[in-house]
> 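Handing you a structure now.
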Amino acid sequence: MERKTIKDLLTDYKTILHHDITVMGWVRAFRSKRFIALNDGSTIDNIQVVVDFENFDENLIKNINTASSIKVSGELVESQGAGQSVEIIAKKIELLGDNFFEELQSTILQPKKHSLEKLREQAHLRFRTNLFGAVFRVRSAISFAIHQFFNQNQFFYLNTPLITGADAEGAGEMFGVTAFDLDQIPKDENGDIDYTQDFFGKKTNLTVSGQLEAETAAMGLGRVYTFGPTFRAENSNTTRHLAEFWMVEPEVAFNNLEDNIDLAENFLKYVIQYVLEHCKTDLQFLDKRFAEEQKQKPEKDRAKEGLIEKLENIVKKRFKRVSYTEAIEILMNSKENKKGKFQFPVESWGADLQSEHERYLVEKHFGCPVVLFDYPKEIKAFYMRLNDDGKTVAAMDVLFSGIGEIIGGSQREERIDVLRQKMKEMNVDEEELWWYIDTRKFGSVPHAGFGLGLERLVLFVTGMSNIRDVIPFPRTPKNAEF
Ligand code: 4AD
Ligand code: MG
């Protein structure tokens with residue numbers, strides 16, 4: 001007998017109707033000791049197993065509870081009841097694992113709706129819930145769509161190192177990597193740590209971005225992208241920051257800023273369209289949950305669109321492209337700013353934008369995704385291309401409702417003298433980055449790229465509100481369980 005997934009049974013049942021099939025899964029509910037709702041993770045939907053208990057051992061039936069794992073064989077038939085297309089008439093049931101049911105009842109199942117925080121402490125049961133099942137199936141679909149988009153557009157997937165000697169963003173928020181015995185760290189004659197004696201013979205850290213390495217590859221392969229774990233030791237306990245997250249970074253030779261913005265917009269639309277097409281049942285569930293959650297909020301804080309509607313609008317509407325200078329004007333003249341409603345008032349050109357400002361532009365002012373470009377050079381990284389005005393750089397940030405910045409990128413400074421000057425001004429070590437500067441010596445070309453935080457996109461697509469709930473094992477300040 002061939003084992004099927006529940007997804008197979010529910011979508012593809014025509015040819016196997018009235019055949020005997022076998023499924024394995026976890027019991028979601030056992031109603032009247034007659035109807036088992038069985039789920040195996042392949043889809044959010046359960047299959048109903050009809051149990052005629054007179055045909056089964058009494059002890060077996062007694063031991064089947066919520067969360068039990070079972071193997072069921074039986075005939076697949078058209079369902080008599082409403083709500084499902086097919087069901088299984090059980091002929092054989094095997095209990096697969098022990099179920100510490102009392103422990104389960106007293107801890108996890110007790111509160112009717114266990115909080116999302118509580119579930120974060122339950123590494124495995126979290127995946128067993130409808131909500132997290134949906135979130136992680138959608139996350140998987142998003143990752144697949146990302147690879148598919150780049151593959152279809154002739155990009156090469158590039159793996160950049162997790163351990164690196166470079167600080168790409170120059171923000172200094174890095175986790176060090178060392179093989180030193182921390183109780184006996186070698187010092188040089190000045191009393192400084194002697195990294196020449198460490199494993200790599202130099203100071204190393206976990207990467208904050210694969211961009212600089214991706215740039216070297218783009219100078220030969222043309223179009224590349226990275227997609228991997230990224231680490232930031234910023235101590236920001238927000239709903240949008242993780243210490244370990246996944247970043248996607250395309251880097252394209254011969255692209256300018258406008259090409260880069262076009263790529264970002266097409267890319268986001270492609271991935272969201274893919275999820276709309278391939279994750280229908282999960283999205284319907286998330287859409288309902290999102291609507292319920294909005295009802296709990298005061299009227300003024302409610303989202304204007306439903307979740308699916310919001311995603312459809314992303315695909316349909318053109319993103320609004322606005323220069324930083326225009327955006328600052330809008331923000332300075334906004335009612336919010338004048339009435340002191342921003343936590344960080346916007347006072348003058350040059351101010352860094354906070355998430356509250358980004359969200360004001362997207363949610364209140366424009367009502368659609370916004371791409372800001374040409375930022376003051378002082379608030380952006382050293383590698384961004386200096387514009388002719390001498391004050392701004394060819395940077396771009398894509399801003400989404402509820403999230404703020406979802407993508408950050410730029411055209412890169414390809415002129416070696418300008419790059420060196422910028423590095424000097426911003427205290428970036430030229431010796432450390434000799435290999436990066438070298439890319440500007442031998443056939444340097446205009447090029448551009450950006451970084452998308454995968455979890456911020458998953459947050460947006462699933463309508464969840466905390467970034468910790470869209471990554472399987474969140475790493476945040478004071479938290480590295482499992
Ligand atoms: O804007 P960021 O810092 O840009 C870079 O790292 C560039 N090197 C990218 C490039 O041009 N290749 O980060 C890019 C994106 C942000 O827009 C955000 O979505 C995400 O990465 N991100 C984070 N996501 C979760 N937790 C954090 N701590 C994040 N920091 C950045
Ligand atoms: Mg950024």
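Both ligands and their constituent atoms are indexed starting at 1 by order of listing.
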> Please work out, at 4.0 Å between heavy atoms, whether the side chain, the backbone, both, or neither of D397 comes within that distance of ligand 1.
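For D397, no heavy atom sits under 4.0 Å from ligand 1.
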
> What N, O or S atom of E405 is found closest to the Mg ion (ligand 2)?
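Result for E405 and the Mg ion (ligand 2): OE2.
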
> Give a yes/no verdict on whether any heavy atom in R412 is under 4.0 Å from an atom of ligand 1.
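Yes, R412 has heavy atoms under 4.0 Å from ligand 1.
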
> Identify, by atom number and element, the atoms of ligand 1 in contact range of I407, meaning under 4.0 Å from any of its heavy atoms.
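Those atoms are 17 (O).
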
> With a 3.5 Å cut-off and no angle check, do the side chains of T392 and N387 form a donor-acceptor pair?
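Note: T392 and N387 side chains meet the donor-acceptor criterion.
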
> Tell me whether Y225 reaches ligand 1 (any heavy atom closer than 4.0 angstrom to a ligand atom).
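It does not; every heavy atom stays at 4.0 Å or beyond.
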
> Given H241, R456, M247, which one has a non-hydrogen atom that is nearest to atom 21 (O) of ligand 1?
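The residue whose heavy atom sits nearest atom 21 (O) of ligand 1 is M247.
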
> State whether a side-chain donor-acceptor pair under 3.5 Å links N313 with E305.
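Yes.
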
> E234: heavy atom below 4.0 Å from ligand 1, yes or no?
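The answer is yes, since E234 has a heavy atom less than 4.0 Å from ligand 1.
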
> For atom 26 (N) of ligand 1, which protein heavy atom lies nearest, and how many Å away is it?
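Among all protein heavy atoms, the one nearest atom 26 (N) of ligand 1 is L242 N, 2.9 Å.
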
> Per the salt bridge (Lys or Arg N to Asp or Glu O under 4.0 Å) rule, which among E425, E430, E413 passes with R420?
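Option passing the salt bridge (Lys or Arg N to Asp or Glu O under 4.0 Å) with R420: E430.
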
> Closest non-hydrogen protein atom to atom 4 (O) of ligand 1, residue and atom name please, with distance?
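Minimum-distance protein heavy atom for atom 4 (O) of ligand 1 reads E169 OE1, 3.9 Å.
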
> Looking only at protein heavy atoms, which one is nearest to atom 24 (N) of ligand 1, and how far off is it?
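In this structure, atom 24 (N) of ligand 1 has F245 CD1, 3.5 Å as its nearest protein heavy atom.
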
> Can you check whether T230 reaches F245 side chain to side chain, under 4.5 Å on heavy atoms?
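Sidechains of F245 and T230: in contact.
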
> Examine the side chains of S209 and E249 and answer whether a donor and an acceptor come within less than 3.5 Å of each other.
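There is such a pair (donor and acceptor under 3.5 Å, judged by atom type) between the side chains of S209 and E249.
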
> A side-chain contact here means heavy atoms from C-beta on lying under 4.5 Å apart; do L454 and S143 qualify?
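Contact flag for L454/S143 side chains = yes.
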
> How close does the nearest protein non-hydrogen atom get to atom 20 (C) of ligand 1, and which residue and atom is it?
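The closest one turns out to be G453 CA, 3.6 Å.
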
> From the Mg ion (ligand 2) out to just under 2.8 Å, does an N/O/S atom of D397 turn up?
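Here the distance criterion (N, O or S atom, under 2.8 Å) is not met by D397, so no.
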
> Taking the six-membered ring for Trp, is the centroid-to-centroid distance between F149 and F267 below 6.0 Å?
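Yes; F267 has its ring centre under 6.0 Å from that of F149.
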
> Whether K422 engages the ring of F382 as a cation-pi pair (distance to the six-membered ring centre under 6.0 angstrom, angle to the ring normal within 45°) should be assessed.
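Ring-cation test returns no.
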
> Ring centres under 6.0 Å, that's the criterion: do F156 and F150 meet it?
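Centroid distance F156-F150: not below 6.0 Å, so no.
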
> Are Y157 and H147 an aromatic pair by the rule of ring centers under 6.0 Å?
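Yes, close enough.
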
> Taking a cutoff of less than 4.0 Å between a non-hydrogen atom of the residue and any ligand atom, is R240 in contact with ligand 1?
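Yes, R240 has heavy atoms under 4.0 Å from ligand 1.
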
> Flag E251 as yes when one of its N or O atoms lies below 3.5 Å from any N or O atom of ligand 1, and as no otherwise.
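No.
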
> Considering only non-hydrogen protein atoms, determine which one is nearest to atom 19 (O) of ligand 1 and report residue, atom name and distance to 0.1 Å.
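The closest one turns out to be I406 O, 2.9 Å.
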
> Do NZ/NE/NH1/NH2 and the carboxylate oxygens of E251 and R412 come within less than 4.0 Å?
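The answer is yes: the pair qualifies as a salt bridge.
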
> Are F200 and Y195 an aromatic pair by the rule of ring centers under 6.0 Å?
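For F200 and Y195, the ring centres are not under 6.0 Å apart.
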
> Using a strict 4.0 Å cut-off to heavy atoms of E249, name the atoms of ligand 1 that fall inside it.
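Answer for ligand 1: 7 (C), 8 (N), 9 (C), 10 (C), 12 (N).
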
> For a 4.5 angstrom cut-off between non-hydrogen side-chain atoms, does M426 reach E378?
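The answer is no; the side chains never approach within 4.5 Å.
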
> Heavy-atom contacts with Y383 under 4.0 Å: which atoms of ligand 1 show up? List them by number with element.
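By the 4.0 Å cutoff, the relevant atoms are 7 (C), 8 (N).
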
> Please list the nearest protein heavy atom to atom 16 (C) of ligand 1 with its residue and the distance rounded to 0.1 Å.
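For this ligand atom, the closest protein heavy atom is E405 OE2, 3.3 Å.
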
> Just to confirm my output: which protein heavy-atom neighbour is closest to atom 3 (O) of ligand 1, and how far is it?
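Protein heavy atom at minimum distance: R232 NH1, 2.8 Å.
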
> Does G409 reach ligand 1, in the sense of a heavy atom lying below 4.0 Å from it?
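So G409 counts as touching ligand 1.
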
> Can you pull out the closest protein heavy atom to atom 15 (C) of ligand 1? Residue, atom name and distance to 0.1 Å, please.
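Nearest neighbour among protein heavy atoms for atom 15 (C) of ligand 1, to 0.1 Å: G451 O, 3.6 Å.
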
